[in-house]
Amino acid sequence: MLQISFLRENSEFAVERLKVRGIDAAADIAHALELDKAVREAKTNFEAQKAEANKIAKSIGELFKTGKAEEANQLKARSSELKESSKTLQEQIANNQEALEKLLYTLPNLPSKQVPSGTNENDNEVVFEFGDIPYQNHKKVPHWEIATAKNLIDFELGNKVTGAGFPFYKGYGALYQRALINFFLTEATKVGYTEYQAPLLVNEDSGFGTGQLPDKEGQMYHVTEDNLYLIPTAEVPITNIFRNNILTEMDLPIKSTGYTPCFRREAGSYGKDVRGLNRLHQFDKVEIVQIAHPSKSYEILEDMLSHSKLLLEKLGLKYRVLKLCGGDLGFTSALTYDLEVYSAAQEKWLEVSSVSNFENFQANRLKLRYKDADGNISLCHTLNGSALALPRVLAALLENYQSEEGIHIPEVLQPFMGISIIK
RNA sequence: GGAGAGGUGGCCGAGUGGUUGAAGGCGCACGCCUGGAAAGUGUGUAUACGUCAAAAGCGUAUCGAGGGUUCGAAUCCCUCUCUCUCCGCCA
């Protein structure tokens, strides 16, 4: 969430930035500032009255101690008066504050200067492209066909046991998944990320902290019995580790990683690119998260992007990097790169990673701050990236690595799998 | 699921209606002491918000959360929540 203190000084800048998302927030921001002003004015009065009341209460105590009950009783009357009048002010403050917060929740993060303007995914900017398709002379079959033929994934079984979007991986398919998870985690911990095994269910506060709530309530599976949410990404539990923390500047950046299944209801996206592994309700992902010093976060974003790029290169996948335009940028993000692999059989690009800098938008909700050498306390920046999401990576691997001999396994995965080809 | 106990500062831990933002200890920071260190010793050590050009200062709030009683609540009452222990069930 945007800081009201920031908006006080930079309202025009904020309006300008939000235009990149195609949002005209001028009225909302003006309204927020009015509410803020009202809150502060009422607060000042309220606090003055409280101060007096506290003073009186104190002196009443003194008077009783010294046996001057008469005087004390006179003061009580004045104190009661103050209490009455402060009550209305208190209500005013609470109402306005609530309205202000609600309004602030609806405002998305300000896109960074680098964000191209645009209204949808077609306006995203391709900033990098790399790689080739191996075994080019061989005709490629879509992954859902080859995976079924080779007995790697059973979609029907998933339908039976749970429902659409919950496939079973089996045999070499399951092994392939395990190898990928292992490979991704190994690569992340090698460069200094601390591995976590995180809870898959989170409470409301955590959902709120990283911005899934209240905005995307309908996209998460909600266990109403216990008021817990199935995580849509490891970002939620792993970033929330640091909720309500004041870190030491020296400890930054903090690099964390974790593998988790991810659960997404994908409400409203039925019928769109849902074949095979392209869009699932449950999928596996290794996430990398960094808590950063504000002055370093863009450097770190590039570093995280490089990490994900390198994974794809090691896997020998053809991929490209997109810089998301304002219209396609997530609610909480200031700048996002998407990585897409090319799927040779479907002949299209599949998103396998999203690397974002949230600046202090999440940190403000999380109350995640750091203290510098002078004792000043400021909000951290938070970043995360998929490194990587499994199903589409697997889809591309199954499709791109086909030859007449079978499905080849990229060299980097062979130690994790113990085989070099699925025949 | 049943029964009980408990949530106080970075941590441990006192406090039962009146200078308690909170004793004491540990930890941490800085200083003294020392050749250096330990020990010892002194000082300091929460956060948010408001006020102020800013700092200082001042004010308000915060002892799990919310509400209530009272002139005054960490302390009394109510509701919720979380944690722990025992029993039951169970990977």
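Keep in mind the model is a prediction, meaning the values are calculated, not measured. Chain letters run A, B, ... following the sequence lines, proteins first and then strands; every chain starts at 1. Only this structure's heavy atoms are used, side chains among them; waters, hydrogens and symmetry mates stay out.
- Closest-nucleotide positions on RNA chain B for A:Ile377 and A:Asp226 were compared, and the one nearer the 5' end corresponds to A:Ile377.
- Helical stems involving RNA chain B, defined as 3 or more consecutive Watson-Crick or G-U pairs under 3.5 Å, span B:1-7 with B:81-87, B:10-12 with B:24-26, B:27-32 with B:40-45, B:46-51 with B:57-62, B:64-68 with B:76-80.
- Summarising the geometry, the separation between NZ on A:Lys37 and C1' on B:rU51 is reported as 16 Å, rounded to the nearest angstrom.
- For A:Phe263, there are no ring-ring contact (aromatic ring centres under 6.0 Å, His included) partners at least two apart in sequence or on another chain.
- The NZ atom of A:Lys43 sits 13 Å away from the P atom of B:rU62 (whole-angstrom rounding).
- A distance of about 31 Å separates the C1' atoms of B:rG35 and B:rU45, rounded to the whole Å.
- Straight-line distance from the CG atom of A:Leu368 to the P atom of B:rU47: 15 Å, rounded to whole Å.
- Counting only residues at least two apart or in different chains, ring pair (Phe, Tyr, Trp, His ring centres under 6.0 Å) contacts with residues 81-101 of chain A are absent.
- Rounding to whole angstrom units, CD of residue A:Glu9 and P of B:rA54 are separated by 9 Å.
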Between the protein and nucleotides 71-76 of chain B, are there any N/O to N/O pairs under 3.5 Å, and if so, what are the atom names and distances?
unit_1	atom_1	unit_2	atom_2	d
B:rC71	O2'	A:Ser79	OG	2.4

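- For the atom pair CG of A:Leu317 and CG of A:Leu350, the computed distance is 10.0 Å after rounding to the nearest 0.5 Å.
- Applying the salt bridge (charged side-chain N to carboxylate O under 4.0 Å, His left out) test to every pair with at least one member in residues 17-34 of chain A, sequence neighbours left out, gives these pairs: A:Glu16-A:Lys19.
- The side chain to side chain contact (heavy atoms under 4.5 Å, CB included) check on A:Lys87 picks up nothing, with sequence neighbours excluded.
- Going from atom CD of A:Gln97 over to atom P of B:rU60 covers 18 Å, rounded to whole Å.
- Judged by a 6.0 Å distance limit and a 45° cone about the ring axis, A:Lys255 is positioned over the six-membered ring of A:Tyr193.
- In this structure, A:Glu47 and A:Arg8 both approach RNA chain B, and ranking their closest nucleotides by distance from the 5' end singles out A:Arg8.
- Distance noted for atom C1' between B:rG31 and B:rU85: 47 Å (whole Å).
- With C1' as the reference atom, B:rC90 and B:rG1 are 12 Å apart, rounded to whole Å.
- Between A:His381 and A:Phe358, the ring centre distance reaches or exceeds 6.0 Å.
- Comparing the same atom, C1', in B:rC82 and in B:rG64 gives a spacing of 7 Å after rounding to whole Å.
- Taking the C1' atoms as reference points, B:rG13 lies 8 Å from B:rG24, given to the whole Å.
- Within the structure, salt bridge (charged side-chain N to carboxylate O under 4.0 Å, His left out) contacts touching residues 145-165 of chain A (residues at least two apart or in different chains) are A:Asp154-A:Lys170.
- Remark: A:Arg369 is in phosphate contact with B:rA48, judged by side-chain N or O atoms under 4.0 Å from OP1 or OP2.
- Not counting sequence neighbours, the partners of A:Phe208 by the ring-ring contact (aromatic ring centres under 6.0 Å, His included) test are A:Tyr105.
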Might you work through the side-chain contact (heavy atoms from CB on, under 4.5 Å) test for A:Tyr370 and A:Ile377, ending with a clear yes or no? CA-CA 6 Å; A:Tyr370 71 94; A:Ile377 289 170; over 6 Å; no

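- For A:Arg178, the salt bridge (Lys or Arg N to Asp or Glu O under 4.0 Å) test picks out no residue, with sequence neighbours left out.
- Closest to the A:Phe46 side chain, of the nucleotides B:rU60, B:rU47, B:rU51, is B:rU60.
- Checking the phosphate oxygens (OP1, OP2) of B:rU60, no side-chain nitrogen or oxygen of A:Arg40 falls inside 4.0 Å.
- Applying the ring-ring contact (aromatic ring centres under 6.0 Å, His included) criterion to A:His31, with sequence neighbours excluded, gives no partner residue.
- For the pair A:Leu379 CG and B:rU47 P, the computed distance is 14 Å after rounding to whole Å.
- For A:Thr248, the side chain to side chain contact (heavy atoms under 4.5 Å, CB included) test picks out A:Met250, A:Asp251, with sequence neighbours left out.
- Using P as the reference atom, B:rU20 and B:rC30 are 30 Å apart when rounded to the nearest Å.
- Counting to the nearest Å, the C1' atom of B:rA48 and the CD atom of A:Gln3 are 13 Å from each other.
- A gap of 24 Å separates the C1' atoms of B:rU79 and B:rG72, to the nearest Å.
- Listed in residue order, the members of residues 246-253 of chain A having a heavy atom less than 4.0 Å from RNA chain B are A:Ile246.
- B:rA61 and B:rA73 have their C1' atoms separated by 14 Å, given to the nearest Å.
- In this structure, A:Asn227 atom CG and B:rC80 atom P are separated by 16 Å, rounded to whole Å.
- Backbone-only contact: A:Lys371 has heavy atoms under 4.0 Å from sugar-phosphate atoms and none from a base.
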